[in-house]
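Values below: all heavy atoms of this structure, side chains included; hydrogens, waters and symmetry mates excluded.
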Amino acid sequence: MHELAIADRLLDRAVSAARDAGAERVDGLTVELGTATHLVPEQVAFCLDAVAEDTPAEGATVTFERVSARGECSCGWHGELETLAETVAGVPDRRCPDCGAEVELTAGRECRLKTVEIPEAPTTRKTDQTDQT
Amino acid sequence: MTYHATHDVDRLLASLARTITRLQPRQPLPPDRRRGPLRTHRFGHESDPEAGGSGDTAEADVLAAVRETAGDVHERLGHDHDVFAVELLGATGAGKTALLESLLGDEGPTPFAGERVGVVTGDVAGTDDADRLRALDVPVVNVTTGRDCHLDPERVDSALDDFDLDRLDVLVVENVGNMVCPADFPLGTDVRAVVVSPTEGDDVVRKHPLLFQVCDVAVLNKGDVAAAVGADVQRMADDVDHVAPETPVVRTSAETGAGIDELSAWLVDRRRERVHSHG
Ligand SMILES: [Zn+2]
């Protein structure tokens with residue numbers, strides 16, 4: 001369940017970016033997720049939901065953009081990698097389609113916070129309870 | 001670099017339980033959360049630094065940040081203290097600890113004979129592996145990862161504080177028994193060695209291709225039991241070649257000692273290369 005560790009880190013970044021921008025809450029976030037990672041969007045979303053509870057990002061919507069694995073080879077080939085047949089979906093085939101050598105990954109290992117949706121103007125936090133003094 | 005990995009475990013479990021109880025993929029925002037227009041804050045990107053937002057790649061990319069911290073650990077070990085570091089990873093029962101005992105023992109050719117070796121072991125709970133290794137008379141630091149199923153470079157960095165690195169030549173990090181999570185968390189060692197055994201089924205390699213792609217050597221351990229469990233070690237080796245063409249395969253048996261000399265020689269070579277590449 002390393003999605004939980006990842007969700008913690010995404011949450012910290014989203015909340016501090018919102019604070020830096022003068023916002024008190026996060027209403028949504030977009031995450032770029034590479035196919036050459038072991039992160040599954042549904043599980044990261046599930047964990048974000050859990051860790052965001054009681055934080056300024058509680059209830060925020062999460063959108064994922066899958067980033068295909070790309071590579072470059074010493075023979076000069078570069079491009080998007082095929083996925084391996086007979087394995088779990090989406091794992092890139094690291095063999096160069098031209099020469100068969102192992103290519104260097106140039107994309108596909110990201111788990112990157114791309115945007116956060118925050119209120120237009122700095123909000124004043126409304127207290128849920130009525131004043132009881 | 002700061003991050004907060006240590007949310008209170010109970011609180012997390014409670015909120016996970018609540019999330020499960022809801023049995024809804026996503027709750028709509030409460031009405032008071034939807035007021036007002038929204039704006040979008042963009043994070044900077046390495047390939048597009050002018051896109052606005054803030055900072056470098058590692059600031060927005062949590063996996064890039066992990067790799068950056070692993071790089072810091074590598075600096076600390078290799079450059080500041082001239083320590084050669086090896087990570088052993090693989091499922092529980094693959095024989096990582098027994099293999100390490102073979103590599104550190106005093107029988108046969110060992111890669112680190114006469115050297116000062118330290119060991120970091122990662123465990124979800126307990127210290128079984130650490131206790132076994134302490135019996136070899138090497139300093140062992142046990143890192144309990146709690147809810148996390150893998151070590152991360154921050155935890156390794158903290159564990160290093162417990163060693164006198166100037167009096168260490170080699171560090172071995174034995175990761176938590178897990179074939180999935182460690183793939184995304186390099187620790188900053190010179191070598192990542194994945195250990196698998198035929199008891200996991202001879203399709204274990206193609207079930208975990210990413211792990212073999214990020215490792216530097218695949219150790220097919222427990223070759224002596226392959227026939228007994230009906231596993232085809234050649235198929236495992238072929239699979240490594242298929243998913244990670246440049247990852248070498250070493251067949252070992254910590255039980256019979258087969259292949260330990262080959263693995264030792266490979267480690268010695270890697271160490272020599274490192275000395276050269278670091279000048
Ligand atoms: Zn090529």
Side-chain angles (χ1 to χ4, degrees), chain A residues 1-6 8-10 12-13 17-18 20-21 23 25 27-28 30 32 34 36-39 42 45-47 49-54 58-62 84 86-88 91-95 100-102 105 109-121 123 126 128, chain B residues 2-7 11-12 14-16 18-19 22 25-30 32-43 45 53-54 57 59-67 147-150 152 178 180-185 206-211 213 242-247:
Chain A
M1 189 67 143
H2 69 312
E3 281 82 1
L4 208 45
I6 292 297
D8 275 341
R9 297 169 189 222
L10 284 171
D12 279 347
R13 282 164 170 73
D20 289 349
R25 54 170 219 265
D27 286 355
T30 310
E32 291 179 332
T37 73
H38 264 306
L39 296 170
E42 293 76 16
F46 178 85
C47 292
D49 224 18
V51 296
E53 202 158 312
D54 301 324
E58 179 166 359
T61 57
V62 190
L84 280 170
E86 300 171 58
T87 62
V88 285
V91 172
D93 188 340
R94 293 285 290 272
R95 288 168 303 177
E102 189 165 322
L105 276 185
R109 293 198 304 165
E110 34 300 90
C111 177
R112 182 179 166 269
L113 202 52
K114 188 182 180 191
T115 61
V116 289
E117 299 290 322
I118 51 179
E120 183 65 71
T123 53
K126 256 196 271 178
D128 290 327
Chain B
T2 59
Y3 83 101
H4 310 284
T6 48
H7 284 259
R11 191 176 68 77
L12 255 161
S15 57
L16 268 174
R18 279 196 296 276
T19 309
R22 284 208 295 267
R26 202 146 275 280
Q27 296 275 76
L29 285 177
D32 72 315
R33 293 285 310 273
R34 290 178 156 179
R35 63 181 187 268
L38 296 178
R39 60 188 155 131
T40 300
H41 172 82
R42 281 186 177 278
F43 290 84
H45 196 285
S54 51
T57 302
E59 196 169 312
D61 188 328
V62 299
L63 289 180
V66 170
R67 293 191 286 269
R147 68 181 169 86
D148 282 337
C149 43
H150 57 91
D152 58 35
N178 187 309
V180 176
C181 306
D184 290 332
F185 287 83
R206 55 183 61 203
K207 278 181 175 166
H208 306 91
L210 273 174
L211 189 58
Q213 292 179 351
H242 181 74
V243 304
E246 276 166 32
T247 301

Exercise. Find the distance between NZ (A/K114) and CG (B/D61) and round it off to the nearest 0.5 Å.
Key: 13.5 Å
Practice problem: Sort A/A101 into side chain, backbone, both or neither according to what part of it lies under 4.5 angstrom from a heavy atom of chain B. | Solution: both
Quiz item: If you take all heavy atoms of A/P119 and B/R39, which pair is closest and at what distance?
Solution: O-NE, 2.6 Å
Quiz item: Within the distance-only criterion (no hydrogens, no angle test), does the side chain of B/Q213 pair as donor or acceptor with the backbone N or O of A/V91 below 3.5 angstrom?
Solution: no
Quiz item: Taking the side chain as C-beta and beyond, is there a heavy-atom pair between A/R94 and B/V243 under 4.5 Å?
Solution: no
Quiz prompt | pair A/L39-B/L63: side-chain heavy atoms closer than 4.5 Å | solution = yes
Exercise. Report the distance from atom CZ of B/R206 to atom CG of A/L84, rounding to the nearest 0.5 Å.
Key: 9.0 Å
Practice problem: Spell out, as yes or no, whether a donor-acceptor pair under 3.5 Å connects the side chain of B/D184 to the backbone of A/H38. | Solution: yes
Exercise. Looking only at non-hydrogen atoms, find the nearest pair between A/H2 and B/C181 and report the distance.
Key: ND1-SG, 3.5 Å
Quiz item: In terms of heavy-atom contacts, does CZ of A/R109 have more than 12 from other residues, nucleotides or ligands at under 6.0 Å?
Solution: no
Exercise. For A/R112 and B/F43, indicate whether the former's side chain and the latter's backbone hold a donor-acceptor pair under 3.5 Å.
Key: yes
Quiz item: Between B/E246 (side chain) and A/E102 (backbone), is there a donor-acceptor pair under 3.5 Å?
Solution: yes
